[in-house]
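Data block below; observations after.
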Amino acid sequence: MGFAPRGFRASRSAAGRVTANAGRDGVGARREHRVVDIAAQAGLSRATVDRVLHDRTRVRPETVAQVHRAIDELDRQREQVHLSGRTVILDLIMQTPERFATASRGALEAELRSLRPAVLRARSRLSEHGDPAAAAAALDAAGGRGSHGVILKAPDHPLVVDAVNRLADRGVPTVTFVTDVPDSRRAAYVGMDNVAAGATAAYLITQWSGRSGGVLLTLSHSSFRGEEERGIGFRRTLAELAPQRIVHEVSDTDGLDRTILVAVRRVVAMRPSINAVYSAGGGNVAILNAFEEVGATPKVFVAHDLDGDNLALLRTRRISVVLHHDLRADMRRACRLLLQARGVLPGKPVSIPSQVQVVTPYNEPASLYDTGQL
């Protein structure tokens, strides 16, 4: 008797399409996809997909989950599945808190339908922890599953560099996203100028909270080059504008609420002079909770990226400003760069930094309407 997720049932039509009910606890939407499409999306053979769907023989739980995830992705990209033309399958590999990973995946999938001349589909491998070995394994797996290109957010680490280079050897281009791996043979980098973003944060904090008091700088992980560069720009500019201000850093929390709450609470309790926050790595609800638990409130709070948490915090005035880049525009550019690297579009991939948008409660970007966040 084979292994399949609870509630995962499938039947085949005469046209070779598979109808599967694969929701949690046996309750799910009706899904119809060809086995060939599921196999391509999962990076598995048709025979393996057939065994999973029809429970023919014992299949590893990891393989069942892979097929299940592929069907979920095909459901979200239903418009792409039925288009004719050359199909290009891209892999989104990100190590980042779920809130940003989900927003990034949504931005990518929303842009797929606008890109031509090829028909693009995306697979996602998302993790909340910065783990170079796991990132390298995910990159190798993408290459083994027939990937045509990778969009990557991972630590700048020799293991990741080597994995990107192995993909390049196989003819699979990689575009780094938000944080770079510059010593690798990646095709290009897409994201804001992180040094400039950090400098902007220092300028805003100095203008709004003066030139005295401590400043809390939070990073999710010291191995992410993008956040490291934000920290460099911030420290350098703050030293120029307010040399007497002391920066207190919290790092290596992965930007997760449960870990950042403890770390920030400890620092703020010991440093009551802290009156400003630059959150370069996220976890802002937890940061604010930590301040509240010790009876403090920052005068100014500069955050990054308009994910759901930050949008709510900005609207309720709990944070002062968000340094934002248009995720959909960045994902569109990342896809075009990968198509250029594969020769589908003319031109050579070139890294051009995204524009840093300074967003207050009064100038929310119109692009948020397109993503359903407003």
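The figures here come from the full heavy-atom set of this structure, side chains too, leaving out hydrogens, waters and symmetry mates. Position 1 is the first residue of the sequence, and the numbers go up from there.
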*Roughly how far, to the nearest 0.5 Å, is CG of Asp307 from CG of Asn284?*
7.5 Å
*May I ask you to decide if Asp309's main-chain N or O and Arg99's side chain share a donor-acceptor pair within less than 3.5 Å?*
no
*Establish whether Val150 and Leu337 are linked, either directly or via other cluster members, by ILVMFWY side-chain heavy-atom contacts under 4.5 Å.*
no
*Short question: side chain of Arg211, backbone of Leu241 - any donor-acceptor pair under 3.5 Å?*
yes
_Cation over ring face, Lys153 and Phe100, 6.0 Å, 45°_ = no
*Roughly how far, to the nearest 0.5 Å, is CD1 of Ile93 from OG1 of Thr174?*
7.5 Å
_Minimum heavy-atom distance between Pro155 and Val181, given as atom pair plus value_ = O-CG2, 4.1 Å
*With sequence neighbours left out, write down each residue that passes salt bridge (Lys or Arg N to Asp or Glu O under 4.0 Å) with Arg170, or none if nothing qualifies.*
none
*Measure the spacing between CZ of Arg315 and CD of Glu364 and express it to the nearest 0.5 Å.*
4.0 Å
*Check whether any side-chain heavy atom of Glu128 lies under 4.5 Å from a side-chain heavy atom of Thr96, and answer yes or no.*
no
*Nearest-0.5 Å distance, OG1 of residue Thr218 to CG of residue Asp252*: 12.0 Å
*Do Leu152 and Phe177 have side-chain heavy atoms sitting under 4.5 Å apart?*
no
*Can you name the one residue among Thr237, Val215, Leu238 that meets side chain to side chain contact (heavy atoms under 4.5 Å, CB included) with Thr206?*
Leu238
*Would Ile151 end up clustered with Val344 when hydrophobic side chains under 4.5 Å apart are linked, directly or stepwise?*
yes
*salt bridge (Lys or Arg N to Asp or Glu O under 4.0 Å) between Arg166 and Asp140: does it pass, once the steps are laid out?*
CA-CA 8 Å; Arg166 285 193 294 272; Asp140 288 335; 3.0 Å; yes
*Show your reasoning for whether side chain to side chain donor-acceptor pair (under 3.5 Å) applies to Arg185 and Asn165.*
CA-CA 6 Å; Arg185 288 158 54 202; Asn165 292 345; 4.6 Å; no
*Within-4.5 Å side-chain heavy-atom neighbours: Asp131 and Gln95*: yes
_Trace of the salt bridge (Lys or Arg N to Asp or Glu O under 4.0 Å) decision for Arg186 with Asp180_ = CA-CA 9 Å; Arg186 50 86 166 141; Asp180 201 5; 2.7 Å; yes
_Is any side-chain heavy atom of Gln340 closer than 4.5 Å to one of Val350?_
no
*Mind running side-chain contact (heavy atoms from CB on, under 4.5 Å) on Cys335 and Leu90 for me, showing each step along the way?*
CA-CA 8 Å; Cys335 290; Leu90 306 180; 3.7 Å; yes
*Give a yes or no answer on whether the side chain of Arg230 reaches the backbone of Val195 with a donor-acceptor pair at less than 3.5 Å.*
no
_Test of understanding: with salt bridge (Lys or Arg N to Asp or Glu O under 4.0 Å), list the residues that count as partners of Glu293, not counting sequence neighbours._
Arg265
_When you measure from the side chain of Ser124 to the backbone of Leu126, do you find a donor-acceptor pair of N or O atoms at a distance under 3.5 Å?_
no
*With a 4.5 Å limit on heavy-atom distance, are the side chains of Ser320 and Val302 in contact?*
no
*Would you call the rings of Tyr278 and Phe234 parallel, tilted or perpendicular, where under 30° means parallel and over 60° means perpendicular?*
tilted
_With a 4.5 Å cut-off on side-chain heavy-atom distances among I, L, V, M, F, W and Y, is there a chain of contacts connecting Val175 to Ile89?_
no
*Can you hop from Val294 to Leu261 via hydrophobic side chains spaced under 4.5 Å?*
no
*Hphob cluster co-occupancy, Leu314 + Leu288, side-chain heavy atoms under 4.5 angstrom*: yes
*Is any side-chain heavy atom of Tyr189 closer than 4.5 Å to a side-chain heavy atom of Thr179?*
no
*What's the spacing between His324 NE2 and His304 NE2 if we round to 0.5 Å?*
12.0 Å
*Flag, side chain of Ser184 to backbone of Val161, donor-acceptor distance under 3.5 Å*: no
*Residue pair Leu115, Arg336: steps toward the side-chain contact (heavy atoms from CB on, under 4.5 Å) verdict*: CA-CA 8 Å; Leu115 291 159; Arg336 292 184 64 85; 3.7 Å; yes
*Where do Val277 and Pro298 come nearest, in terms of heavy atoms and distance?*
CG2-CB, 4.0 Å
*asked:* Is the shortest side-chain heavy-atom distance between Leu219 and Val250 below 4.5 Å?
replied: no
_CA sep, side-chain torsions, deciding dist, call: His129, Leu256, side-chain contact (heavy atoms from CB on, under 4.5 Å)_ = CA-CA 9 Å; His129 299 284; Leu256 303 179; 3.5 Å; yes
*Might you work through the side-chain contact (heavy atoms from CB on, under 4.5 Å) test for Leu108 and Arg332, ending with a clear yes or no?*
CA-CA 7 Å; Leu108 172 59; Arg332 182 167 59 250; over 6 Å; no
*asked:* Using every non-hydrogen atom in the two residues, find where Val160 and Ala154 come nearest and quote the distance to one decimal.
replied: CG1-CB, 4.3 Å
_Shortest non-hydrogen contact from Ile319 toward Asn310_ = CD1-O, 3.6 Å
*Flag side-chain contact, heavy atom, 4.5 Å: Ser127 against Met94*: no
*Test salt bridge (Lys or Arg N to Asp or Glu O under 4.0 Å) applied to Arg235 - qualifying residues, sequence neighbours left out*: Glu249
*Do Arg328 and Ser104 meet the criterion of a side-chain donor-acceptor pair at a distance under 3.5 Å?*
no
*Under the 3.5 angstrom rule, does the side chain of Arg318 hit a backbone N or O of Phe301 as a donor-acceptor pair?*
no
_Tell me if the CD1 atom of Ile246 is crowded by more than 12 foreign heavy atoms within 6.0 Å._
no
*Can you name the nearest heavy-atom pair linking Leu311 to Leu306, along with the distance?*
CD1-CD2, 3.8 Å
*Between CD1 of Ile287 and CD1 of Ile260, what distance do you get to the nearest 0.5 Å?*
4.0 Å
*Any idea which heavy atoms bring Met192 and His325 closest together, and the distance?*
CE-CD2, 3.4 Å
